[in-house]
Amino acid sequence: MSRDQSTPDRRVIVTTLGLTQIMAWGSSYYLPAVIGPAVSARTGWPFPWVIGSLSLGLLVAGLISPHVGAAIERHGGRMTLAFSAVCLGIGQAVLAASPNLPVFVAGWLIMGFGMGAGLYDAAFGTLGRLYGRGARSTITSLTLFGGFASTVCWPISALLLDAFGWRGVCLVYAAIQLLVALPAYLLVLPRGVPAEPPLAAATGPEAGLAPRSLPLMATLAASITLSAVISSTLSVHLLTVLQSTGLALAAAVGLGALVGPSQVGARAVEMAIARYHHPIWTKLASVAFVVFGVAALWTGLPMLPVALALYGAGIGLESIARGTLPLALFGAPGYAKLMGRLAMPSLIAQAAAPSLGALLLEHVGASGLLSVLLGLALVNVLLVAALLTFKRNSSRPVRTIVPS
């Protein structure tokens, strides 16, 4: 299907997706950090279950992600992203109206469909389906928007919490998804998708997976999953880790705030220099920064500001590499389907990682947790080195990527 001549230009599409990504992340993944304590305090529901509901939502997101990628590959991202807005909006409304914990959990399960169909991987797949190999710059720009999700939505959520309570927060976000994000997707994103190049008919997903690409796919999936484990664990437990060094909560929050600007700064630098290097080097820089950041975090004061800046830069670059490296390694045919497949293990790992991190904190303390994360970060460096070896040994581009 060819693209409609009235399709908006890249700046309009990226801006639309960027703004909706901020609200999608802020009203789902980043929401429990703000409203979780209030939900537990006002209802008496166990706090671990209130927070753990997000993990159940992420599990749903991981399980549906291959189907999301396949749908975007066939039809483009317009209706898939619209579906995500509907699920997020309905899920938020269920949260707001929930009379008991099971209904609250059900709301998060509905939101899991929205997260699986509407967060980064789905947005990356949409851009890849629209622009093919030329999507790299749009993916990088999109992550620059996404880096502001917590910066924008945490203060908004806190203000709404003070004014309307946690149920009011959920209702406002439901209205944003249904009355703003949903029309934006339907009005801005094109109905059609560009036709595949002729080569795709013979070498697309339907042709089967080339044997020599299997190790490359497995290594890439493992690296993305390890990065997700490290970032999701620290996103939940960072303040606890910082307080274990003797910092007061206010000081820990102040230092933790360094992570967000570091992410955005690293993404801005990458956007400026991306044309000069292959995305494999973005991925290598990402895992190296995370290693140095976690190692410095392990040493404690006075290295904490440097540690958090390095770690933030690393996870900021990881978001870019997650979208651009598969496109560069495997090409545009089947890219959206591949992104759905790669998202599945990483989202499931994100669902489990915070709980496993809590167990480690309980049994081996913050230092032990950081030791484990540092070990995983070092393994990730080895995986990226293997990716680099695969790339150098490849005599031609790998185009066949996903079994039908």
Side-chain angles (χ1 to χ4, degrees), residues 58 120 143 147 216 218-242 244-245 255-256 258-263 265-267 269-270 279-301 303-326 342-343 345-361 363-391:
L58 288 171
Y120 269 155
T143 64
L216 181 59
T219 304
L220 179 60
S223 178
I224 290 173
T225 300
L226 278 185
S227 295
V229 167
I230 295 168
S231 63
S232 61
T233 300
L234 281 179
S235 69
V236 172
H237 299 298
L238 180 59
L239 295 183
T240 302
V241 169
L242 292 175
S244 73
T245 65
L255 278 175
L258 291 173
V259 174
S262 299
Q263 289 185 62
R267 290 169 182 169
V269 171
E270 165 67 14
I280 190 72
W281 299 109
T282 305
K283 179 69 174 176
L284 184 59
S286 166
V287 296
F289 279 136
V290 169
V291 164
F292 291 134
V294 174
L297 194 60
W298 191 28
T299 66
L301 291 169
M303 293 294 292
L304 290 180
V306 174
L308 294 169
L310 290 171
Y311 168 72
I315 62 173
L317 293 176
E318 169 61 26
S319 297
I320 296 175
R322 178 177 181 140
T324 58
L325 184 55
L342 291 175
S346 66
L347 285 169
I348 292 174
Q350 281 181 282
S355 297
L356 295 176
L359 288 175
L360 286 171
L361 278 173
H363 290 94
V364 298
S367 179
L369 172 63
L370 290 174
S371 298
V372 172
L373 294 180
L374 180 58
L376 294 178
L378 289 169
V379 170
N380 211 3
V381 172
L382 296 178
L383 290 174
V384 177
L387 288 175
L388 189 57
T389 301
F390 282 127
K391 175 184 175 296

Is there a side-chain contact between V290 and N380, using heavy atoms and a 4.5 Å cut-off?
no
For P326 against L342, the heavy-atom pair lying closest together:
CG-CD1, 3.8 Å
Are the side chains of V294 and W298 in contact, using a 4.5 Å heavy-atom criterion?
no
Going by the rule ring-ring contact (aromatic ring centres under 6.0 Å, His included), which residues pair with Y120 if we only count those two or more places apart in sequence or in a different chain?
W25, F124
Does any part of the side chain of V287, heavy atoms only, come nearer than 4.5 Å to the side chain of L226, both counted from C-beta?
no
Indicate the atoms forming the closest heavy-atom contact of F289 with A313, along with that distance.
CD1-CB, 4.2 Å
Of the options L370, L369, V372, which is the one that meets T233 in a side-chain contact (heavy atoms from CB on, under 4.5 Å)?
L369
Are L297 and L238 side-chain neighbours, meaning at least one heavy-atom pair lies under 4.5 Å?
yes
Closest non-hydrogen atoms of G314 and S286, given as atom of the first, atom of the second and distance, are O-OG, 2.8 Å
If you measure from CG on L376 to CD1 on I230, what distance do you get to the nearest 0.5 Å?
5.5 Å
Evaluate side-chain contact (heavy atoms from CB on, under 4.5 Å) for L308 paired with L242, printing each intermediate quantity in order.
CA-CA 10 Å; L308 294 169; L242 292 175; 4.3 Å; yes
Tell me if a side-chain donor or acceptor on T389 pairs with a main-chain N or O of A385 at a distance below 3.5 Å.
yes
Once rounded to the nearest 0.5 Å, what's the spacing between atom OG of S367 and atom CG of L360?
11.5 Å
Yes or no on side-chain contact (heavy atoms from CB on, under 4.5 Å) for L258 and L304, after CA distance, side-chain angles and deciding distance?
CA-CA 10 Å; L258 291 173; L304 290 180; over 6 Å; no
Heavy-atom pair with the smallest gap, counting every atom of E270 and L317
CB-CD2, 3.8 Å
What one should report as the nearest heavy-atom pair of A343 and R322 is CA-NH2, 3.9 Å
Test side-chain contact (heavy atoms from CB on, under 4.5 Å) applied to L220 and L325, V384, L383, the passing residue
L325
Polar side-chain atom of S223 near backbone of T219 as donor-acceptor pair, under 3.5 Å
no
Within this structure, what is the OG1-CG distance for the pair T225 and L347, rounded to the nearest 0.5 Å?
9.0 Å
E318/S231 under side-chain contact (heavy atoms from CB on, under 4.5 Å): CA gap, chis, key distance, verdict:
CA-CA 10 Å; E318 169 61 26; S231 63; over 6 Å; no
V291 and L374: CA distance, side-chain angles, deciding distance, side-chain contact (heavy atoms from CB on, under 4.5 Å) verdict:
CA-CA 6 Å; V291 164; L374 180 58; 4.3 Å; yes
If you measure from OG1 on T143 to CZ on R267, what distance do you get to the nearest 0.5 Å?
5.0 Å
Taking all non-hydrogen atoms of both residues into account, name the closest pair between L310 and F292 and its distance.
CD1-CB, 3.9 Å
